[in-house]
Amino acid sequence: MSFPGNLKFKCMQCKNCCCLEGGVVLLSQSDLEMLAEWAELSPEQFIQVYCRRLENADGKTYLCLKDKNKRECIFWNEKNGCKAYSARPVQCRTYPFWTRILESRESWDNEKKACPGINEGNEIPSEEILEQLKIYEQNKMSLQKNI
């Protein structure tokens, strides 16, 4: 990985990352616990109401959030944005500081096609970006433990 260093990013609240066709929000155990607490449900109840299981190309089954119309996150509200914003999963909180996006300057700039906040706003120090990437990677590893 040739990390591009300091980068500019500002969330434009465009909803593209929340309403992406084919997009999937995978949940770790800690994501599930935080969301269940937010919803005032047990983890089991939360799974029944808000989740589905997905068998990925790797043959493993993952827990993910349901979507509406195979496109919108179940928590997306057109008027108010993310209903679960304060408890949103790591995948959501760390975007766009994901491994595949930070591979190179080219991959970062290419993400601009999906996210108008790329290369906008204030410059974010590389230390902060690397911390977000670390959180994302640690969470990704915990997805391997099927819930």
For Ser107, is there any backbone N or O sitting under 3.5 Å from a side-chain donor or acceptor partner on Ser104? yes

Any chain of hydrophobic side-chain contacts (each under 4.5 Å) joining Leu130 to Tyr95? yes

Looking at side-chain heavy atoms only, is the closest gap between Leu102 and Phe97 below 4.5 Å? yes

With sequence neighbours left out, what residues match Glu131 under side chain to side chain contact (heavy atoms under 4.5 Å, CB included)? Lys134, Ile135

Lys66 NZ: over 12 foreign heavy atoms closer than 6.0 Å: yes

Roughly how far, to the nearest 0.5 Å, is the OG atom of Ser30 from the CD atom of Gln138? 10.0 Å

Arg93 meets the salt bridge (Lys or Arg N to Asp or Glu O under 4.0 Å) criterion, sequence neighbours left out, with none

With side chain to side chain contact (heavy atoms under 4.5 Å, CB included) as the test, would you mind laying out the steps for Leu63 and Arg53 before giving the verdict? CA-CA 5 Å; Leu63 186 68; Arg53 300 206 183 269; 3.7 Å; yes

Between Leu27 and Cys51, is the side chain to side chain contact (heavy atoms under 4.5 Å, CB included) condition met? List the steps. CA-CA 9 Å; Leu27 300 179; Cys51 298; 3.7 Å; yes

Between Gln91 and Val24, does a side chain to side chain contact (heavy atoms under 4.5 Å, CB included) hold up when you go through it step by step? CA-CA 10 Å; Gln91 180 179 329; Val24 175; 5.8 Å; no

Ring-plane angle category for Tyr50 and Phe46, please: parallel below 30°, perpendicular beyond 60°, tilted otherwise. tilted

Solution key, residues 113-123 side-chain donor-acceptor pairs under 3.5 Å, sequence neighbours excluded:
| from | atom 1 | to | atom 2 | distance (Å) |
| --- | --- | --- | --- | --- |
| Lys113 | NZ | Asn110 | OD1 | 2.7 |
| Asn119 | OD1 | Trp108 | NE1 | 2.9 |
| Asn119 | ND2 | Asp109 | OD1 | 3.0 |
| Glu120 | OE2 | Lys112 | NZ | 3.0 |
| Glu123 | OE1 | Asn6 | ND2 | 3.2 |

Less than 4.5 Å apart, any side-chain heavy atom of Arg100 and any of Glu111? yes

Can you find a heavy atom in the side chain of Leu26 that is under 4.5 Å from one in the side chain of Lys140? no

Output all residues satisfying side chain to side chain contact (heavy atoms under 4.5 Å, CB included) with Gln45, sequence neighbours left out; order by chain, then residue number. Leu41, Ser42

Would you find a donor on one side and an acceptor on the other, under 3.5 Å apart, between the side chain of Asn77 and the backbone of Lys79? yes

Side-chain touch Ile129/Ile124, heavy atoms, less than 4.5 angstrom: yes

If you compare all heavy atoms of Ser28 against all heavy atoms of Asn139, which two are closest, and at what distance to 0.1 Å? OG-OD1, 2.7 Å

Hey, quick one: are Ile74 and Ile47 part of the same hydrophobic cluster, counting side-chain heavy atoms closer than 4.5 Å, chains of contacts allowed? yes

By side chain to side chain contact (heavy atoms under 4.5 Å, CB included) - contacts of Ala84 (at least two apart): Leu35, Trp38, Phe75, Cys82

Could you work out, with side chain to side chain donor-acceptor pair (under 3.5 Å) as the rule, every residue matching Gln13, not counting sequence neighbours? none

Using side chain to side chain donor-acceptor pair (under 3.5 Å) as the criterion, list what pairs up with Gln132, not counting sequence neighbours. none

What one should report as the nearest heavy-atom pair of Leu65 and Pro89 is CD1-CG, 4.3 Å

Hey, could you give me each pair passing salt bridge (Lys or Arg N to Asp or Glu O under 4.0 Å) that has a residue in residues 25-52? Not counting sequence neighbours. Arg52-Asp67

What pairs with Tyr136 under side chain to side chain donor-acceptor pair (under 3.5 Å), at least two apart in sequence or on another chain? none

All side chain to side chain contact (heavy atoms under 4.5 Å, CB included) counterparts of Glu78, not counting sequence neighbours: Lys15, Glu72, Trp76

